[in-house]
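Have a look at the structure below before the remarks.
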Amino acid sequence: MSDIEDPAVEDAIAFLRGHLSGLLRFDADVRPVKVVVGLDGRLILPAMVAMLRSLDTTLYLPDEEDTSMQMQVSLEEFQESGEHGKHCDRWRIYHGDPPDVRWAIATVDAVRFDGLFIDGEALTRPNPLAALEASICKRLNAERMEQIRVACQRHVEIGIEKPIVVGVDPYGFDVRGTFEVYRLESPSEMRSERDALTALDELAS
């Protein structure tokens with residue numbers, strides 16, 4: 001299944017963007033990991049040497065007890081000091097200090113989600129809001145903190161004193177609290193800054 005207009009693919013992409021913590025199985029080992037979705041749709045994560053050397057890696061989301069999404073992934077190491085260093089900055093904005101000193105880009109090869117098998121290429125979709133993401137986050141954090149706080153309380157049932165929007169894509173907002181990143185799902189698909197403001201108004205009303 002590779003048709004990116006298929007509703008199952010849309011649901012899978014929305015699920016992936018809303019679940020950034022899981023388990024990575026590599027060979028016979030399993031470790032907890034946190035990821036971010038890069039602007040080109042690939043996944044970014046700190047990686048152990050053993051993870052990078054493995055030829056059989058599977059990412060389970062959201063956790064071991066409820067593996068709603070299983071992703072076969074291929075890891076490629078990159079250097080923080082090189083052209084991909086921006087990926088490390090993005091990960092830190094979401095999750096703080098990394099547990100490992102090495103970094104990897106994870107290419108999704110295949111996905112099992114909701115009883116279906118989906119081609120990984122279909123899920124590797126660039127964020128249409130990539131060019132606007134930084135400005136949207138900056139505006140929301142400067143002007144709409146109370147709305148973000150209310151929306152998190154109503155839809156995630158979490159009280160966050162100083163919520164910070166760290167990411168925006170067509171399906172929702174990523175909001176960083178003290179220890180975790182929470183997902184606010186948009187009531188409608190967002191394609192512009194105006195859409196984002198309208199969506200937050202609805203979530204907080």
Side-chain angles (χ1 to χ4, degrees), residues 9-27 29-80 82 84-114 118-127 129-130 133-134 137 156 164-177 179-185:
V9 175
E10 299 296 326
D11 290 344
I13 293 175
F15 180 91
L16 170 60
R17 289 188 171 274
H19 296 79
L20 302 179
S21 297
L23 295 170
L24 187 74
R25 181 185 62 77
F26 51 104
D27 297 329
D29 205 351
V30 178
R31 295 294 176 90
V33 294
K34 292 183 178 181
V35 303
V36 294
V37 182
L39 299 182
D40 64 357
R42 294 183 295 174
L43 307 180
I44 312 300
L45 69 152
M48 301 169 55
V49 173
M51 294 175 181
L52 296 167
R53 291 177 176 172
S54 175
L55 298 178
D56 180 16
T57 51
T58 304
L59 179 61
Y60 297 88
L61 300 175
D63 56 39
E64 189 174 18
E65 287 73 34
D66 182 16
T67 53
S68 299
M69 177 175 280
Q70 300 179 28
M71 313 172 70
Q72 291 182 329
V73 297
S74 298
L75 302 184
E76 177 184 354
E77 185 176 9
F78 68 90
Q79 302 301 318
E80 183 171 359
H84 297 302
K86 59 186 178 182
H87 297 317
C88 307
D89 295 336
R90 183 175 180 83
W91 194 96
R92 286 191 175 94
I93 288 172
Y94 273 70
H95 302 302
D97 293 329
D100 295 290
V101 297
R102 288 178 168 81
W103 294 90
I105 295 176
T107 298
V108 181
D109 301 316
V111 180
R112 182 171 183 174
F113 176 69
D114 198 23
I118 302 173
D119 179 60
E121 186 177 354
L123 265 69
T124 309
R125 189 184 304 179
N127 182 2
L129 293 176
E133 185 179 36
C137 290
V156 190
I164 300 176
V165 178
V166 293
V168 182
D169 58 74
Y171 304 97
F173 306 90
D174 295 325
V175 182
R176 192 182 71 207
F179 302 108
E180 298 288 340
V181 174
Y182 302 96
R183 182 70 169 178
L184 285 175
E185 295 185 4

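Here the structure is a predicted model, which is why all the values come from computation and not from measurement.
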Tell me which donor-acceptor pairs under 3.5 Å the side chains of residues 36-48 have, and how far apart each pair is, sequence neighbours excluded?
residue, atom, partner, partner atom, Å
Asp40, OD1, Arg42, N, 3.0
Asp40, OD2, Arg42, NE, 2.9
Asp40, OD2, Arg42, NH2, 3.2

Distance-minimising heavy-atom pair for Cys88 and Glu80: SG-CG, 3.6 Å
Hey, what do you get for CG (Leu123) to CG (Asp119), rounding to the nearest 0.5 Å? 9.0 Å
Are side-chain heavy atoms of Pro62 and Ser68 found at a separation under 4.5 Å? yes
Which residues pass the salt bridge (charged side-chain N to carboxylate O under 4.0 Å, His left out) test with Asp89, sequence neighbours left out? none
Asp174/Arg17 ion pair, N-O < 4.0 Å: no
Enclosure of Glu185 CD (heavy-atom neighbours >12, cutoff 6.0 Å): no
I'd like to know if the side chain of Glu133 reaches the main chain of Val168, judged simply by a donor and an acceptor atom lying under 3.5 Å from each other, with no hydrogens or angles considered. yes
Counting distance only, does the side-chain N/O of His95 pair as donor-acceptor with the main-chain N or O of Trp91 below 3.5 Å? no
Are the charged groups of Arg183 and Asp169 less than 4.0 angstrom apart, N to O? yes
Which pair of heavy atoms, one from Tyr171 and one from Ile13, lies closest together, and at what distance? CE1-CG2, 3.6 Å
Out of Val108, Ile118, Thr58, which one pairs with Met71 under the side-chain contact (heavy atoms from CB on, under 4.5 Å) rule? Val108
Identify which one of Leu24, Leu59, Leu55 satisfies the side-chain contact (heavy atoms from CB on, under 4.5 Å) criterion when paired with Leu75. Leu24
dist Glu180:CD -> Lys34:NZ (nearest 0.5 Å) comes out at 4.5 Å
Nearest 0.5 Å please: distance from the OG atom of Ser74 over to the CG atom of Leu52. 12.0 Å
Quick check against the 3.5 Å criterion: does Thr57 have a side-chain atom that pairs as donor or acceptor with the backbone of Val73? yes
Closer than 3.5 angstrom, by distance alone: can the side chain of Asn127 be matched with the main-chain N or O of Leu129 as a donor-acceptor pair? yes
Across all chains, not counting sequence neighbours, the salt bridge (charged side-chain N to carboxylate O under 4.0 Å, His left out) partners of Glu76 are none
Over 60° means perpendicular and under 30° means parallel, so tell me whether His87 and Phe78 are parallel, tilted or perpendicular. perpendicular
For the atom pair CZ (Arg125) and CD (Glu10), what is the distance rounded to the nearest 0.5 Å? 4.5 Å
Do other residues, nucleotides or ligands put more than 12 heavy atoms under 6.0 Å from the CZ atom of Arg92? yes
Smallest separation among heavy atoms of Val156 and Tyr182, with atom names: CG1-CD2, 3.8 Å
To the closest 0.5 Å, what do you measure between CG (Asp109) and OG1 (Thr124)? 8.5 Å
